[in-house]
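Order of listing sets the numbers, starting from 1, for every ligand and every atom in it. Being a predicted model, the structure only gives us computed values, none of them experimental.
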Amino acid sequence: MTDYYVAEPAPVVAPTPAAWQNAGAPRRPRAARTRRYAMTPPTYFAVEYAINPWMDVSKPVDVQVALAQWENLRHTYLKLGHRVDLVEPVPGLPDMVYAANGGFVTHDVAVVARFRYPERAGETQAYGDWMASAGYRPVSTRHINEGQGDLLMVGEKVLAGYGFRTDLRAHPEISAALRMPVVSLELVDPRFYHLDTALAVLDDDTIAFYPPAFSEAAQEQLHGLFPDAIVVGSADAYVLGLNVVSDGLHVVLPSAATGFAAQLREAGFEPVGVDLSELLKGGGSVKCCTLEVFV
Ligand code: ARG
């Protein structure tokens, strides 16, 4: 098995960020686990309001391109052997394509999102209906939680962002509902308004993150919990390169994040680049479009 890593050539990519020295992820076998995802087609995708710095209402959006890019993402998962369930899109909810925000679903609990902005409030019903149709009785929180945008499971715990969207007071609610410990991490840069824009879960104990998106205290927490974390540079972070979906081996990521792709390869993962440029106009990429259902 170790031979696999020796055989994997590390591509030469310039310039080499100093942070690469930290990418000391152990050279141990990476392994894929079959996953289950839920996705919502961008049938009614638009940028008609701006609730994050990526959204510019004066920039045109091409729904056909968005649909084709989204289809390619779906096919990428299917080719990797994963299951993809579809959520019915609702007219008038242009951000519904960002399915990660719909909630947090495990084999026995489905927490439905409570959104920060009224523009997305209608999605609670839509994602709740989908959960009910999948056999769950959706649980809601008293405080704002934007689902897997801010709540990322790594191994036996949940990393939870706060500062822009999910309310810190929702974290204990989430912990109780999921019966899992939650680590609260403060986000400080509005470009990285959801945890999944600044931190990627690669397997049960490996993460990658962009330190400037976090408060000093959160950075220290992350370095302490994950000494082997991959530290990603700003060029990759600014194309939402951390907004990825990993099955433990294959890491589906925005194709523009070439530096991060090289770091992943170096750490024994297999990066799979996809172009979601049209969906970036809404402030989201691969992970935002994907709700993982933990089975
Ligand atoms: N326009 C959406 C919003 O601002 C984008 C959501 C992106 N989703 C995510 N998981 N980061 O709410």
Could you list which atoms of ligand 1 come closer than 4.0 Å to a heavy atom of [X]?
| X | value |
| --- | --- |
| Asp95 | 1 (N), 2 (C), 3 (C) |
| Gly283 | 7 (C) |
| Met55 | 1 (N) |
| Ile51 | 3 (C), 4 (O), 12 (O) |
| Gly282 | 1 (N), 2 (C), 5 (C) |
| Gly149 | 10 (N) |
| Arg165 | 3 (C), 4 (O), 12 (O) |

Quick one, [X] and [Y] - any side-chain contact, counting heavy atoms below 4.5 Å?
| X | Y | value |
| --- | --- | --- |
| Asp95 | Glu123 | yes |
| Pro94 | Tyr49 | yes |
| Arg120 | Leu93 | no |

Check: Considering the options Asp275, Val245, Val274, which one meets the side-chain contact (heavy atoms from CB on, under 4.5 Å) requirement together with Leu73?
Finding: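 The single option meeting the side-chain contact (heavy atoms from CB on, under 4.5 Å) with Leu73 is Val274.
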Notebook entry, point to check: Non-hydrogen atoms of Tyr193 versus ligand 1: any pair closer than 4.0 Å?
Noted result: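 Yes.
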Margin query: With a 4.0 Å cut-off on heavy atoms, is Lys287 in contact with ligand 1?
Written below: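 Outside the 4.0 Å threshold, so no.
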Suppose we measure from [atom] to each protein heavy atom; which comes out shortest, and what is that distance?
| atom | answer |
| --- | --- |
| atom 9 (C) of ligand 1 | Cys288 SG, 2.6 Å |
| atom 10 (N) of ligand 1 | Asp196 OD2, 2.6 Å |
| atom 12 (O) of ligand 1 | Arg120 NH1, 2.6 Å |

I'd like to know whether the aromatic ring centres of [X] and [Y] sit less than 6.0 Å apart in this structure.
| X | Y | value |
| --- | --- | --- |
| Tyr162 | His194 | no |
| Phe294 | Phe104 | yes |
| His82 | Tyr37 | yes |

Please confirm whether [X] comes within less than 3.5 Å of ligand 1 when only nitrogen or oxygen atoms on both sides are compared.
| X | value |
| --- | --- |
| Gln148 | no |
| Thr197 | no |
| His194 | yes |

Next item on the list: Report the relative orientation of the aromatic rings in Tyr210 and Tyr238; use parallel for angles under 30°, tilted for 30 to 60°, perpendicular for over 60°.
Entry: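 Taking Tyr238 first and then Tyr210, their aromatic rings stand perpendicular (interplane angle over 60°).
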Next item on the list: Please name the pair of heavy atoms, one in Ala32 and one in Leu249, separated by the smallest distance, quoted to 0.1 Å.
Entry: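 Closest pair (atom of Ala32, atom of Leu249, distance): N-CB, 3.6 Å.
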Next item on the list: Following the transitive rule for hydrophobic clusters with a side-chain heavy-atom cut-off under 4.5 Å over Ile, Leu, Val, Met, Phe, Trp and Tyr, establish whether Leu152 and Leu291 coincide in one cluster.
Entry: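 Leu152 and Leu291: separate clusters.
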